[in-house]
Amino acid sequence: MLHLKLETDPRWVHIVESNIEEILTDHAWCEQKAATNAITIITLNSEHPDLVTDLLALAKEELEHFEMVHEIIKKRGYKLGRERKDSYVNELFKFMNKGGNRVQCMVDRLLFSAMIEARSCERFKLLSKEINDPELSKFYHELMISEAGHYTTFIGFARKYGKDVDVEKRWKELVEFESEVIKSYGKHETIHG
């Protein structure tokens, strides 16, 4: 369903398990950034009422996820660390069309967002199956389902409003680009790292 070309090596979960506090902090900030991204898309495309409505709901859900991760952090006696840079997202951002028209830019932003959700969904699925922590296994299974819905939302709006853009071609290009980017990741205790 997610159309990713390269799956995460399951050994990544062992890296994650070596520093649960770090993965939780990174994850919390990923959720905050996802909410901010949804609000940015709304700001840039406010003429589409259905997009505004759906992305407001998505942003709220991402903030709820941020809160849920923060609650786990506190419950385990950890502290929410400082915001982390997400090198994977920064690399993926290089794919986006910077000089196109508004529709091309919107489509690229929506596809970029769909890709991040797809990769997060794939990572959460792996965590839910492989992590030796029943609470986190259940938690990541629930979030995997949510991320799949977010992926569908973003790619659906790209297809709906990208009438003058070959959305499927652009998506295939992004999938190829991401498969090269992700080869350098899966070595750190971060959601995309």
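All residue numbers in this chain count up from 1 along the given sequence.
Under the 3.5 Å distance criterion, the side-chain polar atoms of Ser128 are matched with a main-chain donor or acceptor of Lys125. In this structure, Asp9 contributes its side chain and Trp12 its backbone to no donor-acceptor pair below 3.5 Å. The main-chain N or O of Asn97 is found under 3.5 Å from a side-chain atom of Asp108 such that the two form a donor-acceptor pair. With hydrogens and angles disregarded, a donor-acceptor distance shorter than 3.5 Å links the side chain of Arg84 to the backbone of Arg82. Judged by distance alone, with hydrogens and angles left aside, the side-chain atoms of Arg102 form a donor-acceptor pair with the main-chain N or O of Leu44 at under 3.5 Å. A distance-only check finds a donor-acceptor pair linking the side chain of Thr152 to the backbone of Ala148 [under 3.5 Å].
Inter-residue side-chain proximity for Phe66 and Leu80 is flagged as met; some heavy-atom pair is nearer than 4.5 Å. Here the side chains of Val89 and Lys33 are not in contact, with every heavy-atom distance at 4.5 Å or above. Residues Ile20 and Ile131 meet the side-chain proximity criterion, which asks for heavy atoms closer than 4.5 Å. Annotation: side chain of Glu135 is in contact with side chain of Ile72 (closest heavy-atom distance under 4.5 Å). Two residues are said to be in side-chain contact when any heavy atoms from C-beta on lie closer than 4.5 Å; His192 and Leu92 fail this criterion. Here the side chains of Glu173 and Phe95 are in contact, with some heavy-atom distance below 4.5 Å. In this structure, Ile145 and Phe124 have side chains that are not in contact, with every pair of non-hydrogen atoms separated by 4.5 Å or more.
Between the side chains of Thr36 and Gln32, at least one donor N or O lies within less than 3.5 Å of an accepting N or O. For Ser113 and Asn37, the side-chain atoms include at least one donor-acceptor pair closer than 3.5 Å. Counting only N and O atoms by type, the side chains of Asp133 and Tyr140 include no donor and acceptor under 3.5 Å apart.
In summary, Glu71 and Lys74 engage in a salt bridge, as defined by a charged side-chain N under 4.0 Å from a carboxylate O. Salt-bridge check for Lys60 with Glu64: failed, with every basic side-chain N at 4.0 Å or more from each acidic carboxylate O. Here Glu176 pairs with Lys5 in a salt bridge; the nearest charged N to carboxylate O distance falls below 4.0 Å. A salt bridge links Arg159 to Glu168: at least one charged side-chain nitrogen sits closer than 4.0 Å to a carboxylate oxygen.
Classified by interplanar angle (parallel below 30°, tilted 30° to 60°, perpendicular above 60°), the ring pair Phe112/Phe93 is perpendicular.
For Arg76, the CZ atom counts as densely surrounded, since its 6.0 Å shell holds more than 12 non-hydrogen atoms of other residues, nucleotides or ligands. Remark: Glu7 CD is loosely packed, at most 12 non-hydrogen atoms of other residues, nucleotides or ligands lying under 6.0 Å away. Counted within 6.0 Å of NZ on Lys169, heavy atoms from surrounding residues, nucleotides or ligands total 12 or fewer; the atom is thus considered open. A 6.0 Å sphere centred on NZ of Lys172 holds no more than 12 heavy atoms belonging to other residues, nucleotides or ligands.
Linking ILVMFWY side-chain heavy atoms closer than 4.5 Å, directly or via other members, places Ile41 and Ile155 in two distinct hydrophobic clusters. In this structure, Leu110 is not a member of the same hydrophobic cluster as Leu174, with clusters built from ILVMFWY side-chain heavy atoms closer than 4.5 Å. When hydrophobic clusters are built by joining Ile, Leu, Val, Met, Phe, Trp and Tyr residues whose side-chain heavy atoms come closer than 4.5 Å, directly or via intermediates, Leu143 is not grouped with Phe154.
Rounded to the nearest 0.5 Å, atoms CD (Glu178) and CG (Leu6) are 7.5 Å apart. Taken from CD1 in Ile39 to CD in Glu62, the straight-line distance is 11.0 Å, to the nearest 0.5 Å. Between the CG atom in Asp86 and the CD atom in Glu91 there is a gap of 10.5 Å [rounded to 0.5 Å]. Interatomic distance, CE of Met115 versus OH of Tyr151, reported as 8.0 Å (0.5 Å rounding).
Smallest separation of non-hydrogen atoms from Ala38 and Leu58: CB-CD2, 3.9 Å.
The list of salt bridge (Lys or Arg N to Asp or Glu O under 4.0 Å) pairs with a residue in residues 146-157, not counting sequence neighbours, is empty.
Taking the centre of each ring, His188 and Tyr88 stay at or above the 6.0 Å mark.
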